[in-house]
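See below for the structure under consideration.
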Amino acid sequence: MDKTAKVVLDGQEYELPVVVGTEDEVGIDISKFRGTSGAITLDSGYANTGSCKSEICFIDGEKGILRYRGYPIEQLAEHAKFPEVAYLLINGELPTAAQYESFRQDLTYHSMIHEDMKKFFEGFRHTAHPMAILSAMVTSLSSYYPEVDDDADDHNIIRLLAKVKTVAAYAYKKSIGQPFVQPQNKLAYCANFLHMMFAVPTEPYEVDPVLEDALNVLLILHADHEQNCSTSTVRMVGSSQANLYASMSAGISALWGPLHGGANQKVIEMLNMIQQDGGGIDKYVAKAKDKSDPFRLFGFGHRVYKNFDPRATILRKSAESVLDRLGVHDPMLEIARQLEEVALKDEYFIERNLYPNVDFYSGIIYRAMGIPTDMFTVMFALGRLPGWIAHWKELRNDPSSRINRPRQIYTGAGERDYVGIADRG
Ligand code: ACO
């Protein structure tokens, strides 16, 4: 028999259907509750609200589990290539060798940016944050590639995945006043991006395989994370049937905030501040615990993980090995390790289940790779793009999906009469 839940409101009992997921997660379906009871459910910040059913990503925050389409993140990070993971997220299955080859080629042959679009970059100040450039350029792509036929979505998905790495690298070149470097068809996805970032016309550039491997792992770890703030934004915007580019641009804007993807930039700024202040960890842990101080330990805490973020566990090891292989000694890594050690033993952090999240160690790896701090969130966006696309596509293909439109409890003034400006005092 199907499970149900009962709610008693003003003495009246309501029976609500219960939805059970693949991993036995339980959701009470309240979609018809207002119709029968007149009441809504209130959940500020959506801490306990499921907004959709989805087949893409599974997280068990209590156990520290993350899987894409059933595959454990640890296995994908160790063995897969980023385009393979992108294919998996978007299409539901790992590609066969032939499918992978064709996908890889598509991602290569659509990498160039329309010559006219390159002029858009001229309009930005050289000080512009690359996230501002990225979101503007992604939405601008819709003016070049409108949805004109039935296969438009599939074509646009390929174009977007292929071109965003070029836009991201151009945003960086713009900020340092160097000429844009064209993508090269002989290079794989990650190598092509690194080439466009770091090659200069005056000397040959060979992609360092250590950087390529490190980038591959970082992008895979960021590729999806179910209904996080930016993905929910993509679904929210996509639910009005806004086009792919507009929906992704909205996701990029949501990601930018320091409580979400922008935290990777904030972590390095925080570690820098601690270093410049003499390296005293305790003062900053005390500040983070002080409720009258707005300071938080960036890279700590997560809405869903109440245990180690499995991505942070992988990145902690990866940071050590990448710095080692590159021969980089970064005092930030030492400060980060000490900060983690102190925080994990502190009652405040233990009680609240605050552990390092994915952003805590990623910035240290990006720094060692030579990527500047204000590009970190762009790197996150590059990784998260396939996840956003997968969710947008799932929503688009779901005949039962409706425009997303939450309700509210109004707490403003009661009805009152308009008073003319002359009589307002
Ligand atoms: N430093 C100090 N205290 C913290 C931190 C932190 N980083 N994170 C949470 N807390 C405290 C809160 O003050 C709160 O304490 P209280 O119960 O005494 O009021 C408690 O822990 C719960 O925190 P909330 O803010 O209610 O948790 P929420 O789920 O809303 O927020 C978030 C999660 C935004 C990630 C939060 O932990 C945070 O601000 N972390 C720092 C920013 C960060 O690293 N963001 C990246 C997240 S991962 C990602 O998006 C990729």
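First listed ligand is number 1; within each ligand, the first listed atom is number 1. This structure is a prediction, so every number in the text was calculated from the model and none was measured.
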Exercise for the section: Would you confirm whether any non-hydrogen atom of the protein falls under 4.0 Å from atom 4 (C) of ligand 1? Expected result: yes
Exercise for the section: Please write down residue, atom name and distance for the protein heavy atom closest to atom 41 (C) of ligand 1. Expected result: Phe300 O, 3.4 Å
Completion exercise
Near Gly299 (heavy-atom distance under 4.0 Å), the atoms of ligand 1 are 43 (C), 44 (O)
Problem - Atom indices of ligand 1 within 4.0 angstrom of His260 heavy atoms, with elements - result: 46 (C), 49 (C), 50 (O)
Practice task
Look up atom SG in Cys229 and atom CE in Met236, then write down how far apart they are to the nearest 0.5 Å.
Solution key: 10.5 Å
Problem - Any donor-acceptor N/O pair, Ser143 side chain to Ser140 backbone, under 3.5 Å - result: yes
Exercise for the section: Mark the output for Tyr348 as yes if a heavy-atom distance to ligand 1 is under 4.0 Å, and as no if none is. Expected result: yes
Practice task
Under 4.0 Å from a heavy atom of Ala263: give me the atoms of ligand 1 that qualify, with their elements.
Solution key: 43 (C), 44 (O), 45 (N), 46 (C)
Handout entry: Numbering as shown, the atoms of ligand 1 that approach Phe380 to under 4.0 Å (heavy-atom distance)
Key = 51 (C)
Exercise for the section: For atom 13 (O) of ligand 1, state whether the nearest protein heavy atom is under 4.0 Å away. Expected result: yes
Problem - N-O pairing of Arg104 and Glu101 below 4.0 Å - result: yes
Handout entry: ligand 1 N/O within reach of Arg296 N/O, cut-off under 3.5 Å
Key = yes
Practice task
May I ask whether Gly45 places a heavy atom under 4.0 Å from ligand 1?
Solution key: no
Practice task
State plainly whether the residues Arg235 and Glu394 are in salt-bridge range, i.e. N to O under 4.0 Å.
Solution key: yes
Practice task
Please state whether His225 comes within less than 4.0 angstrom of ligand 1, counting heavy atoms only.
Solution key: no
Fill in the blank from the handout: In short, Ala171 meets Phe121 closest at the heavy-atom pair N-CE2, 3.8 Å
Practice task
Flag the pair Tyr100 / Tyr87 as yes when their ring centroid distance falls below 6.0 Å, and as no otherwise.
Solution key: no
Practice task
Mind checking whether Leu259 contacts ligand 1 via backbone (N, CA, C, O), side chain (CB onward), both or neither, at a 4.0 Å heavy-atom cut-off?
Solution key: both
Completion exercise
Under 4.0 Å between heavy atoms, the region of Lys291 that gets near ligand 1 turns out to be side chain
Problem - Element-labelled atoms of ligand 1 that are located less than 4.0 Å from some non-hydrogen atom of Phe298 - result: 42 (C), 44 (O)
Exercise for the section: Using protein heavy atoms only, decide if any is under 4.0 Å from atom 31 (O) of ligand 1. Expected result: no
Practice task
Return a yes/no value: protein heavy atom under 4.0 Å from atom 26 (O) of ligand 1?
Solution key: no
Fill in the blank from the handout: Note: heavy atom closest to atom 29 (O) of ligand 1, options Arg303, Lys306, Met270, belongs to Arg303
Problem - Side-chain (Ser37) to main-chain (Phe33) donor-acceptor, under 3.5 angstrom - result: yes
Handout entry: Asp346 and Lys289 ion-paired at < 4.0 Å
Key = yes
Exercise for the section: Would you confirm whether the ring centroid of His225 sits within less than 6.0 angstrom of the ring centroid of Tyr305? Expected result: yes
Exercise for the section: Kindly indicate whether a cation-pi arrangement holds for Lys287 with Phe295, taking the cut-offs as under 6.0 Å to the six-membered ring centre and within 45° of the axis. Expected result: yes
Exercise for the section: Please verify whether a non-hydrogen atom of Phe295 lies at under 4.0 Å from ligand 1. Expected result: no
Practice task
Mind listing the closest non-hydrogen atom pair of Ala191 and Val207 along with its distance?
Solution key: O-CG2, 3.6 Å
Completion exercise
If you compare Leu354, Val304, Asn264 by their heavy atoms, the one closest to atom 10 (N) of ligand 1 turns out to be Leu354
Exercise for the section: Determine the interplanar angle of the Phe120 and Tyr144 rings, folded into 0 to 90°, and report it as parallel if under 30°, tilted if 30 to 60°, perpendicular if over 60°. Expected result: perpendicular
Handout entry: Val358 neighbourhood, listing ligand 1 atoms whose heavy-atom distance to it stays under 4.0 Å
Key = 51 (C)
Problem - Nearest candidate to atom 2 (C) of ligand 1, where distance is taken over non-hydrogen atoms, out of Gly301, Pro356, Ala288, Ala312 - result: Ala288
